[in-house]
Amino acid sequence: MRKIGIGIIGCGNISDAYLTASPGFPVLDIISVADINPSAADAKAAAFGLSAVPLAALLADPRIEIILNLTTPQNHVQVGLQAVAHGKHVYSEKPLATTLTDAERLVSAAREKNVRVGCAPDTFLGGSHQTARRLIDDGVIGAVVAGSAFMQVPGHELWHPNPDFYYKPGSGPLMDMGPYYLTCLVNLLGPVKSVVGQAKSAYDSRTIGSGAREGQRIEVEVATHVSGLLEFESGAAISLTTSFDVWKHDHNHIELYGTTGSMIVPDPNRFEGEVKTAHRKEDWTVAQQIHPYGDGNYRILGLADMAEAIVSNRQHRANQDISLHVLEIMESILHSASAGRRIELTYSCARPEPMRTDLPFGILE
Ligand SMILES: NC(=O)c1ccc[n+]([C@@H]2O[C@H](COP(=O)([O-])OP(=O)(O)OC[C@H]3O[C@@H](n4cnc5c(N)ncnc54)[C@H](O)[C@@H]3O)[C@@H](O)[C@H]2O)c1
C-alpha cells in the first residue's frame with residue numbers, strides 16, 4: 001500500500017495518543033513534528049524517535065501530504081489554512097473551528113486547493129459505536145423515537161495542566177465534548193434538523209488542579225452547563241446535556257428509545273464499551289461486538305481512514321460534512337440559548353459508511 005506522509009503540528013497532551021497508536025496503521029508515515037513552542041516538539045520527537053522541525057520547514061516538506069493539526073481549538077483554523085495554502089490535506093482535532101464562519105473559510109479554502117479536510121472525533125469508528133450502528137441499522141430496537149445524552153464532569157482543570165482554553169470562547173463543555181456525542185448520534189441516527197438550547201455557568205473562575213501552575217485561577221468566559229433539545233431529520237427527539245459544573249451523576253452516556261426496544265450506547269469519547277439492548281420490557285442484554293477497534297485507544301483511526309481514502313480515492317468517514325454539521329448544531333444550541341428560540345439548521349450530511357469487519361487490523365479498505 002502507498003504510504004501517506006504525515007506532519008504533526010501541536011505536540012501537547014493529546015499527541016501522545018496519536019503517536020502511540022500510529023504504528024498500527026501501515027498507511028501512515030509520520031515524517032516530522034512541530035510546535036509553536038519548539039521545546040514541546042523536541043520532547044515529543046525524542047519520546048517517539050521522530051524529528052522535530054520548525055513549523056515553516058514542516059509545511060514546506062514535499063513528503064508530507066496530510067497535516068495532523070493537534071493545536072488548541074482557537075488555533076485550528078489558522079493552522080489549517082496554512083496547511084491548505086501549502087497544498088496539504090488537513091486532519092484536525094475537534095472542533096473543526098470555534099465558529100461556523102471560520103470552519104466555512106477553511107472548508108472553502110480547501111475546496112479551492114482541491115485538498116481534503118478531516119476532523120476528530122473518530123471514536124464513532126470504534127468497535128462499540130459501530131456495533132451500535134449495526135444494531136440500529138438492523139432495526140433491533142425499531143425506529144428511534146427519543147433518547148438522552150449526558151456528558152457531565154466537574155471540569156478539566158482537575159487534571160489538565162494548561163486548562164485555560166477550555167474556558168475561552170469556542171470551547172466549554174459543549175464545544176469540547178459535544179463533538180463526541182453529536183458525531184456519535186449523527187452516525188447512528190442521521191442529521192439533525194433543529195435545536196433548542198439553554199446555557200448557564202456555576203462559577204466565574206476555576207482553580208488549576210495539577211502541574212506547574214497548580215493553584216492558579218483562570219477566568220470562565222463560556223457557559224459551563226449547556227443543554228440542547230435536538231430534533232433529528234428522522235423524527236427522533238434527543239436531549240443532550242454537557243456540563244463542567246457537575247460533581248457526580250448516574251446517567252448513562254447515551255440512551256436511545258425505539259419503537260420495539262431500548263439501547264444503551266457507551267461513552268462516545270472512547271472506542272470500547274458495552275452496547276446493551278432490551279427488547280420491549282425484557283432485561284438488558286450485552287450485544288456481541290464483531291467490529292474491530294473496540295478494545296483500546298485508537299485515536300488516529302479517522303486520520304488513517306482519510307489517508308487510505310486518499311490512496312483509493314473514496315470519501316473519508318470523519319469528513320468535513322459531518323464536522324461542519326456538528327459544529328453548526330453546537331453553535332445553534334448556544335445561539336438558541338441566548339436568543340430564546342428554536343434554530344433550524346442549514347447544513348446536513350450523509351451518515352458515514354459503516355466500518356468493515358472483514359479486514360486485518362490496521363487496514364481499513
Ligand atoms: N487532552 C485531551 O485529552 C484531548 C482529548 C481529545 C481531544 N483533544 C483536543 O486536542 C487538541 C489539543 O489538545 P491538548 O490537550 O493536546 O492541548 P495542549 O495545550 O496540551 O497542546 C496543544 C499544543 O499545540 C501547540 N500550539 C498551539 N497553537 C499552535 C500554533 N498556532 N502552531 C503550532 N503549535 C501550536 C501548543 O504549544 C501546545 O504544545 C484540542 O483541540 C483538544 O480539544 C484533547
Side-chain angles (χ1 to χ4, degrees), residues 7-21 32-45 47-48 52-59 67-86 88 90-99 102-103 106 118-124 126 151 153 155-184 208-213 218 222 242 244 267-271 297-303 318 323 326-327 330:
I8 300 180
I9 301 184
C11 297
N13 218 283
I14 199 58
S15 58
D16 283 352
Y18 282 83
L19 288 167
T20 304
S32 56
V33 300
D35 196 292
I36 203 166
N37 169 9
S39 62
D42 290 341
K44 210 55 61 168
F48 288 92
V53 297
L55 225 70
L58 186 145
L59 287 165
I67 299 294
L68 174 56
N69 181 359
L70 303 182
T71 63
T72 36
Q74 292 77 8
N75 294 291
H76 286 174
V77 166
Q78 177 228 326
V79 169
L81 285 172
Q82 281 180 280
V84 167
H86 284 80
K88 316 278 192 205
V90 61
Y91 183 92
S92 175
E93 249 306 331
K94 50 75 193 166
L96 183 56
T98 55
T99 66
D102 277 352
L106 176 62
C119 189
D122 53 4
T123 38
F124 77 98
M151 191 302 298
V153 293
H156 292 334
E157 73 279 11
L158 290 184
W159 60 272
H160 198 296
N162 288 303
D164 313 55
F165 74 84
Y166 291 114
Y167 297 99
K168 293 207 178 302
S171 194
L174 180 63
M175 288 295 217
D176 178 53
M177 296 300 287
Y180 296 107
Y181 287 74
L182 291 165
T183 308
C184 174
I208 300 178
S210 69
R213 299 169 60 209
I218 48 178
V222 289
T242 61
F244 288 160
D267 188 348
N269 185 20
R270 302 181 73 91
F271 291 82
N297 190 355
Y298 299 106
R299 217 173 273 258
I300 202 163
L301 207 44
L303 174 71
S323 38
V326 163
L327 182 59
M330 297 189 294

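Read the numbers this way: they start at 1 and go in the same order the structure lists the ligands and their atoms. Since we're looking at a predicted model, the values are computed, not measured.
- For a threshold of 3.5 Å applied to N or O pairs, the pair formed by K94 and ligand 1 contains at least one separation below that value.
- Among all non-hydrogen protein atoms, the one lying nearest atom 19 (O) of ligand 1 is T72 CG2, 3.6 Å.
- Looking at P95 next to ligand 1, no N or O pair under 3.5 Å apart turns up.
- A donor-acceptor contact closer than 3.5 angstrom is absent between the side chains of D42 and S39.
- L68 is listed as a side-chain neighbour of L70, based on a closest heavy-atom distance under 4.5 Å.
- Residue G10 approaches ligand 1 through these ligand atoms, each under 4.0 Å from one of its heavy atoms: 24 (O).
- Across the listed options D16, T123, I14, I14 owns the non-hydrogen atom lying nearest to atom 16 (O) of ligand 1.
- The nearest protein atom to atom 22 (C) of ligand 1, hydrogens excluded, is given as L70 O, 3.8 Å; this is a heavy-atom distance.
- Of the residues E157, H160, M177, the one that meets the side chain to side chain contact (heavy atoms under 4.5 Å, CB included) test with Y166 is H160.
- With salt bridges taken as basic N to acidic carboxylate O contacts below 4.0 Å, none links K94 and D122.
- With ligand atoms numbered from 1 in the order given, ligand 1 contributes 40 (C), 41 (O) to contacts under 4.0 Å with heavy atoms of P73.
- When hydrogens are left out, the protein atom nearest atom 3 (O) of ligand 1 is W159 CH2, 3.6 Å; that is the closest non-hydrogen contact.
- Remark: aromatic rings of F244 and Y167 are close, center separation under 6.0 Å.
- Within a 6.0 Å radius of CZ in R270, other residues, nucleotides and ligands contribute 12 heavy atoms or fewer.
- When side chains are defined from C-beta on, S15 does not count as touching V33, because their heavy atoms never get closer than 4.5 Å.
- Checked against a 3.5 angstrom limit, the closest N/O atoms of H76 and ligand 1 fall inside it.
- An N or O contact shorter than 3.5 Å is missing between N162 and ligand 1 by distance.
- With a 4.5 Å cut-off on side-chain heavy atoms, N297 and F271 count as touching.
- T123 contributes a side-chain N or O that, together with a main-chain N or O of P268, makes up a donor-acceptor pair within less than 3.5 Å.
- With respect to atom 10 (O) of ligand 1, the closest heavy atom belonging to the protein is E93 CG, 3.1 Å.
- Ligand 1 places these atoms under 4.0 Å from at least one heavy atom of Y180: 5 (C), 6 (C), 7 (C).
- With hydrogens and angles disregarded, a donor-acceptor distance shorter than 3.5 Å links the side chain of T99 to the backbone of D102.
- Under a 4.0 Å criterion applied to the non-hydrogen atoms of R299, ligand 1 contributes the atoms 5 (C), 6 (C).
- Using a 4.0 Å cutoff on heavy atoms, H160 counts as a contact of ligand 1.
- L58 has its side chain out of reach of Q82: every pair of non-hydrogen atoms, C-beta onward, lies at least 4.5 Å apart.
- Among all protein heavy atoms, the one lying closest to atom 21 (O) of ligand 1 is G12 CA, 3.2 Å.
- Only the side chain of D176 comes within 4.0 Å of ligand 1, counting heavy atoms alone; its backbone N, CA, C and O stay farther away.
- Within the structure, ligand 1 lacks Y18 among the residues with a heavy atom less than 4.0 angstrom away.
- Residues P161 and I208 approach most closely at O-CG2, 3.9 Å, considering heavy atoms.
- The closest heavy-atom contact to atom 11 (C) of ligand 1, among the options T71, V79, L58, comes from T71.
- For ligand 1, the polar-atom distance check finds an N/O of N13 within less than 3.5 Å of one of the ligand's N/O atoms.
- Residues H76 and T71 meet the side-chain proximity criterion, which asks for heavy atoms closer than 4.5 Å.
- The atoms of ligand 1 that sit less than 4.0 Å from any heavy atom of I9 are 33 (C).
- The protein heavy atom nearest to atom 32 (N) of ligand 1 is I36 CB, 3.8 Å.
- In this structure, atom 39 (O) of ligand 1 lies nearest to the protein heavy atom D35 OD2, 2.6 Å.
- Contacts of N75 with ligand 1, taken as heavy-atom pairs under 4.0 Å, involve the side chain alone.
- In this structure, D35 does not pair ionically with K44, as no charged nitrogen and carboxylate oxygen lie closer than 4.0 Å.
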